[in-house]
Amino acid sequence: MYQFKVITLFPKMFSSPMGHSILKKAQDRGLLSVTVVDLRTYCKDRHRITDDYPYGGGQGMVMKPEPLIAAIEDARKKSTRPRVVLLTPRGRPFSQAEASRLAQENELVLVSGRYEGVDERVRSFVDDEISIGDYTLSGGEIPAMVVIDAVARLLPGVLGNERSPEEESFSDGLLEYPQYTRPEEFRGHRVPDVLLSGDHDRIKRWRREMSLKITRERRPDLMRKASLAPDERRLLRPTASLYMALLHHPVYDKNKQVVTTAITNMDIHDIARSARTYGAKGLYVVNPVKALHKLAAKIIDHWEVGYGSTYNETRKEALALVRLSDTLDQAIIDLEQECGRRPVIVATSARPVEGVRRTSFSDMRDMLERTSLPYLLLLGTGWGLTDEVLSQADHILQAVEGEADYNHLSVRSAAAIMLHELLGTVDN
Ligand code: 9D3
């Protein structure tokens, strides 16, 4: 029988939650026991004081170590190797995985604190510290109940055979599919036909599909960590098409004059290779000077059809993404024709931009993962995109920055970093 023991100043808080529903049934059936220990019984002083003022001053009270340690040591003595866990806002975040680990134990001692915290020295007498989330509660009692509930459900027999914990949400890291019961129609909302079809294979597929869809929309973070079948992994890939434009005009020079910069061989090659590596769909090289178009075309031609195309096949593949354009507007029109709708314009700038909120890499990544729109990422050469271009963009992307007091990345380095932030693999 799995034993839960709670050390608390408020034992009565536990009587109702532990006395109902699944937890009650499990205790009645002898699958688990919950013992609540009143911390005050471990006070040696006449007034049974459990808290005191903090050394160094400050607000609030701190739980004294003596009664807590006495209670913990007593709990350890009374049984064989219990796991002792302190509930504290500073603990490791509680999760389904953590619940599974705790369910492997035989006895769990949960220490609930009150006041503003417990004396730091208590930490060295416990095995673990757990928090149930990033919000402030009045004490560790409700967190202890949360842990008991989550662990108890995983113990053999607690849920009965009809509902195995593996079937439930979170076990494969996905959110639950939609559930319906009678009536078939409620205030105009019908139960989906598939659920009435009796075709259990189809129902299973529909549920999986809905789980994936809901998780992808609401919790992209869970989606990235979920265990997905090989054919489901495509759902992780961004659905939006990302295009890039390397602007040689209009951009600033170092005196903030609007200029046209020269096309450079290395920028085109390196950005094209980055674009191809991360799955960007095209790279516009925007330059109004016709003579420079010729140079660019020659660079590309060399690798596309000339000597270089046989010399280096992979370079050819990257350069196939490059498109030459006189102006940004022309590139946008071109894309609108290709995609059937105007691209969302995402500008970038290393300079501080006043009065606008920048879109973070992760927000932009979420957008690329959830929409099917075309996006055009603008990269400035020289001293960067002009204020006019920035003001016309739908988003200004978070700047690529380090913590050092220096920010002079080449456009091709910045482009590669942005691509990794927006389209790079995430660990799983
Ligand atoms: C002044 C800083 N506060 C921490 C955010 C002090 C403090 C406030 C509330 C210390 C303890 C508490 C009581 N909370 C818990 O004991 C607790 C808790 C929580 O508040 N949130 C999430 N998980 C947990 S586990 C224990």
Side-chain angles (χ1 to χ4, degrees), residues 2-18 22-23 32 34-43 48-76 82-105 107-155 169-170 173 175 219 221-222 225:
Y2 196 103
Q3 290 194 284
F4 294 97
K5 186 173 276 184
V6 195
I7 298 169
T8 173
L9 280 171
F10 298 94
K12 282 189 197 140
M13 281 181 75
F14 290 82
S15 38
S16 177
M18 301 302 131
I22 289 172
L23 284 174
L32 60 89
V34 182
T35 316
V36 186
V37 176
D38 187 347
L39 182 60
R40 277 197 211 278
T41 62
Y42 289 90
C43 292
R48 303 202 155 186
I49 288 169
T50 55
D51 62 337
D52 206 340
Y53 297 97
Y55 273 117
Q59 285 237 314
M61 301 293 275
V62 177
M63 285 180 81
K64 293 165 64 62
E66 300 93 331
L68 278 168
I69 302 310
I72 290 168
E73 285 181 335
D74 200 30
R76 284 198 198 277
R83 184 153 200 89
V84 181
V85 173
L86 175 67
L87 285 314
T88 160
R90 293 199 315 203
R92 237 175 328 136
F94 191 55
S95 63
Q96 192 61 37
E98 190 70 44
S100 299
R101 276 192 288 278
L102 294 178
Q104 301 307 306
E105 305 281 339
E107 183 177 353
L108 186 59
V109 175
L110 297 163
V111 184
S112 297
R114 276 271 153 175
Y115 312 116
E116 294 299 295
V118 304
D119 187 286
E120 187 70 11
R121 290 162 294 190
V122 171
R123 292 185 60 205
S124 38
F125 293 83
V126 302
D127 305 312
D128 251 325
E129 295 173 58
I130 289 179
S131 156
I132 62 160
D134 296 337
Y135 35 78
T136 305
L137 302 170
S138 316
E141 283 76 16
I142 292 172
M145 295 175 207
V146 167
V147 171
I148 292 171
D149 191 76
V151 173
R153 302 165 54 75
L154 298 176
L155 301 176
S169 197
F170 283 118
L175 298 179
R219 296 290 304 276
D221 58 320
L222 288 182
K225 285 190 279 181

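Keep in mind the model is a prediction, meaning the values are calculated, not measured. Ligands are counted one by one from 1 in listed order, and the atoms in each one are counted from 1 as well.
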Exercise. Checking side chain to side chain contact (heavy atoms under 4.5 Å, CB included) for the pair Val147/Phe4: CA distance, chi angles, key distance, verdict?
Worked result: CA-CA 10 Å; Val147 171; Phe4 294 97; 5.7 Å; no
Look at [atom] and say which protein heavy atom is nearest, naming residue and atom and giving the distance to 0.1 Å.
| atom | result |
| --- | --- |
| atom 14 (N) of ligand 1 | Leu137 O, 3.6 Å |
| atom 17 (C) of ligand 1 | Pro89 CD, 3.6 Å |
| atom 23 (N) of ligand 1 | Ile132 N, 3.0 Å |
| atom 24 (C) of ligand 1 | Pro143 CG, 3.7 Å |
| atom 10 (C) of ligand 1 | Glu116 O, 3.0 Å |
| atom 8 (C) of ligand 1 | Thr136 CG2, 3.7 Å |

Exercise. Side-chain contact, heavy-atom cut-off 4.5 Å: Val122 with Ile69?
Worked result: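 In short, these two side chains touch, coming nearer than 4.5 Å.
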Problem set entry | atom 2 (C) of ligand 1 protein-contacted (non-hydrogen atom, under 4.0 angstrom) |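 False for atom 2 (C) of ligand 1.
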For this session: Please indicate, with yes or no, if any protein heavy atom is found under 4.0 Å from atom 21 (N) of ligand 1?
Result: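 So atom 21 (N) of ligand 1 has protein heavy-atom neighbours under 4.0 Å.
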For this session: Can you tell me which residue pairs pass the side-chain hydrogen bond (donor to acceptor under 3.5 Å, both in side chains) test with a partner in residues 58-74, sequence neighbours excluded?
Result: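 Found Tyr42-Asp74, Asp74-Lys78.
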Problem set entry | Distance-only polar pair, side chains of Thr8 and Glu141, donor-acceptor under 3.5 Å |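 There is such a pair (donor and acceptor under 3.5 Å, judged by atom type) between the side chains of Thr8 and Glu141.
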Atoms of ligand 1 close to [X] [distance to a heavy atom under 4.0 angstrom, numbered from 1]:
| X | result |
| --- | --- |
| Leu87 | 25 (S), 26 (C) |
| Thr88 | 25 (S), 26 (C) |
| Ile130 | 25 (S) |
| Tyr135 | 19 (C), 20 (O), 21 (N), 22 (C) |

Exercise. Would you say Asp134 touches ligand 1, if touching means a heavy atom closer than 4.0 Å?
Worked result: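 The answer is no: ligand 1 sits nowhere under 4.0 Å from a heavy atom of Asp134.
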Problem set entry | Main-chain N/O of Gly91 paired to Ser131 side chain as donor or acceptor, under 3.5 Å |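 Side chain of Ser131 to backbone of Gly91, a donor-acceptor pair under 3.5 Å: no, none is there.
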